[in-house]
Amino acid sequence: MKTQVLLAVLLAVICVAHAKKIDTYKDCGSKDAKLTSIEIEPCVKEPCGFTRGGNVTLKYTFTTSKEITSLKNLVYGYIAGIPIPWPLDNPDGCKDCNLKCPLASGGTFTYVKTIAISSAYPKIGVVVKWEGKDQDNVDMVCFTVPIVLV
């Protein structure tokens with residue numbers, strides 16, 4: 001029994017140690033929500049290294065300033081200042097991302113998305129721009145974060 005408890009505690013410590021609250025993100029025009037935190041897992045230090053052929057999990061927490069009935073996510077990787085679309089398997093932020101629309105005005109929510117990192121991507125530093133567009137095509141949230149594809 002003690003071995004099982006110790007193993008569970010050790011596993012929890014390992015999982016927490018690989019998630020990082022991101023301090024270097026920049027808000028790029030969030031209009032309908034206030035970002036309160038962004039976490040990326042796995043990430044040990046910033047800029048986070050995304051392993052090609054692996055997965056990363058993005059979590060962002062926000063407080064809405066109006067009711068959100070739909071949320072479409074658009075992601076770009078900026079290379080030499082040029083935006084390259086980063087396709088998501090499911091851009092609908094109201095499905096399979098820990099959110100259930102409509103989101104009430106004044107509520108605090110956490111979006112969670114696991115993203116596959118293609119092994120075809122080059123090893124390069126990238127600034128990722130994430131836009132969450134609401135039902136009026138307005139940026140509910142918009143942020144950029146530097147990453148490195150390894």
Side-chain angles (χ1 to χ4, degrees), residues 11-150:
L11 183 59
V13 168
I14 289 170
C15 289
V16 170
H18 285 70
K20 170 116 176 82
K21 183 176 177 187
I22 304 302
D23 298 317
T24 59
Y25 79 87
K26 293 183 181 170
D27 189 299
C28 54
S30 299
K31 301 213 182 320
D32 295 337
K34 178 177 175 28
L35 281 168
T36 55
S37 72
I38 297 174
E39 290 183 26
I40 296 175
E41 183 181 338
C43 182
V44 178
K45 65 177 186 164
E46 297 178 56
C48 295
F50 287 14
T51 302
R52 297 171 312 125
N55 293 314
V56 297
T57 300
L58 169 74
K59 298 177 185 179
Y60 65 83
T61 301
F62 59 94
T63 302
T64 57
S65 59
K66 75 175 196 180
E67 182 179 71
I68 305 298
T69 59
S70 70
L71 178 62
K72 180 181 178 183
N73 290 289
L74 303 171
V75 183
Y76 303 91
Y78 279 76
I79 301 173
I82 300 169
I84 310 295
W86 191 319
L88 297 173
D89 62 338
N90 174 22
D92 186 343
C94 295
K95 292 183 182 173
D96 303 323
C97 298
N98 196 50
L99 300 178
K100 185 175 178 185
C101 294
L103 306 177
S105 179
T108 298
F109 304 93
T110 300
Y111 172 92
V112 180
K113 177 74 174 170
T114 298
I115 304 162
I117 308 300
S118 173
S119 58
Y121 293 158
K123 292 181 179 182
I124 191 168
V126 178
V127 173
V128 174
K129 179 179 183 183
W130 190 286
E131 297 176 298
K133 302 262 186 195
D134 70 11
Q135 64 273 7
D136 300 316
N137 203 37
V138 172
D139 280 342
M140 180 192 79
V141 295
C142 181
F143 60 88
T144 62
V145 61
I147 61 111
V148 178
L149 295 168
V150 296

Enquirer: Indicate every side-chain donor-acceptor pair of residues 140-150 with a distance under 3.5 Å to a residue at least two apart or in another chain.
Expert:
none

Enquirer: For Ala33 and Ser65, which heavy atoms make the closest approach, and how far apart are they?
Expert: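 Scanning both residues, the minimum pair turns out to be N-OG, 4.0 Å.
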
Enquirer: Any idea which heavy atoms bring Pro85 and Tyr76 closest together, and the distance?
Expert: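 Looks like CA-CD2, 3.8 Å.
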
Enquirer: Among pairs that include at least one residue of residues 27-46, which meet ring-ring contact (aromatic ring centres under 6.0 Å, His included), considering only residues two or more places apart or in two chains?
Expert: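 The answer is none; no pair qualifies.
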
Enquirer: Can you tell me which residue pairs pass the disulfide bond (SG atoms under 2.5 Å apart) test with a partner in residues 53-84, sequence neighbours excluded?
Expert: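 As it turns out, there is no disulfide bond (SG atoms under 2.5 Å apart) pair with a partner in residues 53-84 once direct neighbours are skipped.
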
Enquirer: Short question: side chain of Thr57, backbone of Lys113 - any donor-acceptor pair under 3.5 Å?
Expert: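 A pair under 3.5 Å: no.
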
Enquirer: Does Asn98 use its side chain to pair, donor to acceptor, with the backbone of Thr110 at less than 3.5 Å?
Expert: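 Yes: the side chain of Asn98 pairs with the backbone of Thr110.
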
Enquirer: Return each pair, listed once, that meets salt bridge (Lys or Arg N to Asp or Glu O under 4.0 Å) where at least one residue sits in residues 137-150; pairs must be two or more places apart or across chains.
Expert: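 Those involving residues 137-150 are Lys133-Asp139.
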
Enquirer: Would you say Phe109 and Ile68 make side-chain contact, with heavy atoms under 4.5 Å?
Expert: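 They are not in side-chain contact.
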
Enquirer: I would like to know whether Ile117 and Thr51 meet side-chain contact (heavy atoms from CB on, under 4.5 Å); could you show each step before the answer?
Expert: CA-CA 7 Å; Ile117 308 300; Thr51 302; over 6 Å; no

Enquirer: Between Ile84 and Tyr121, does the side-chain contact (heavy atoms from CB on, under 4.5 Å) criterion hold? Intermediate values first, please.
Expert: CA-CA 12 Å; Ile84 310 295; Tyr121 293 158; over 6 Å; no

Enquirer: Measuring only between side-chain heavy atoms, which start at C-beta, is Cys28 closer than 4.5 Å to Lys129?
Expert: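 The answer is yes, as the side chains (C-beta and beyond) meet within the 4.5 Å cut-off.
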
Enquirer: Is any side-chain heavy atom of Thr64 less than 4.5 Å from a side-chain heavy atom of Asp32?
Expert: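 Result no, sub-4.5 Å side-chain heavy-atom pair not found.
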
Enquirer: Pair Ile115, Trp86 - check side-chain contact (heavy atoms from CB on, under 4.5 Å), show working.
Expert: CA-CA 10 Å; Ile115 304 162; Trp86 191 319; 4.1 Å; yes

Enquirer: Any side-chain heavy atom of Lys31 within less than 4.5 Å of one from Asp136?
Expert: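 No - every pair of side-chain heavy atoms lies 4.5 Å or more apart.
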
Enquirer: Apply side-chain contact (heavy atoms from CB on, under 4.5 Å) to Lys95 and list each qualifying residue two or more places apart in sequence or on a separate chain.
Expert: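 So Lys95 forms a side-chain contact (heavy atoms from CB on, under 4.5 Å) with Asn90, Asp92.
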
Enquirer: Contact between Thr69 and Pro102 at the side-chain level, heavy atoms closer than 4.5 Å - yes or no?
Expert: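 Yes, at least one pair of side-chain atoms sits under 4.5 Å.
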
Enquirer: Do Leu58 and Trp130 make a side-chain contact, defined as non-hydrogen atoms from C-beta onward lying under 4.5 Å apart?
Expert: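 The answer is yes, as the side chains (C-beta and beyond) meet within the 4.5 Å cut-off.
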
Enquirer: Residues two or more places apart in sequence or in another chain: which of them pass side-chain contact (heavy atoms from CB on, under 4.5 Å) with Thr63?
Expert: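 Scan of Thr63 (side-chain contact (heavy atoms from CB on, under 4.5 Å), adjacent residues dropped) gives Thr36, Thr108.
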
Enquirer: Taking all non-hydrogen atoms of both residues, which atom of Tyr60 and which atom of Asn73 are closest, and how far apart?
Expert: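 Answer, listing the atom of Tyr60 first, then Asn73: OH-OD1, 3.5 Å.
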
Enquirer: Determine the minimum heavy-atom distance between Cys94 and Ser70, stating which atoms define it.
Expert: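 Closest pair (atom of Cys94, atom of Ser70, distance): SG-CA, 3.8 Å.
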
Enquirer: For Lys66, does the NZ atom sit with more than 12 other heavy atoms under 6.0 Å from it, leaving out its own atoms?
Expert: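 Yes, the 6.0 Å shell around NZ holds more than 12 heavy atoms from other groups.
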
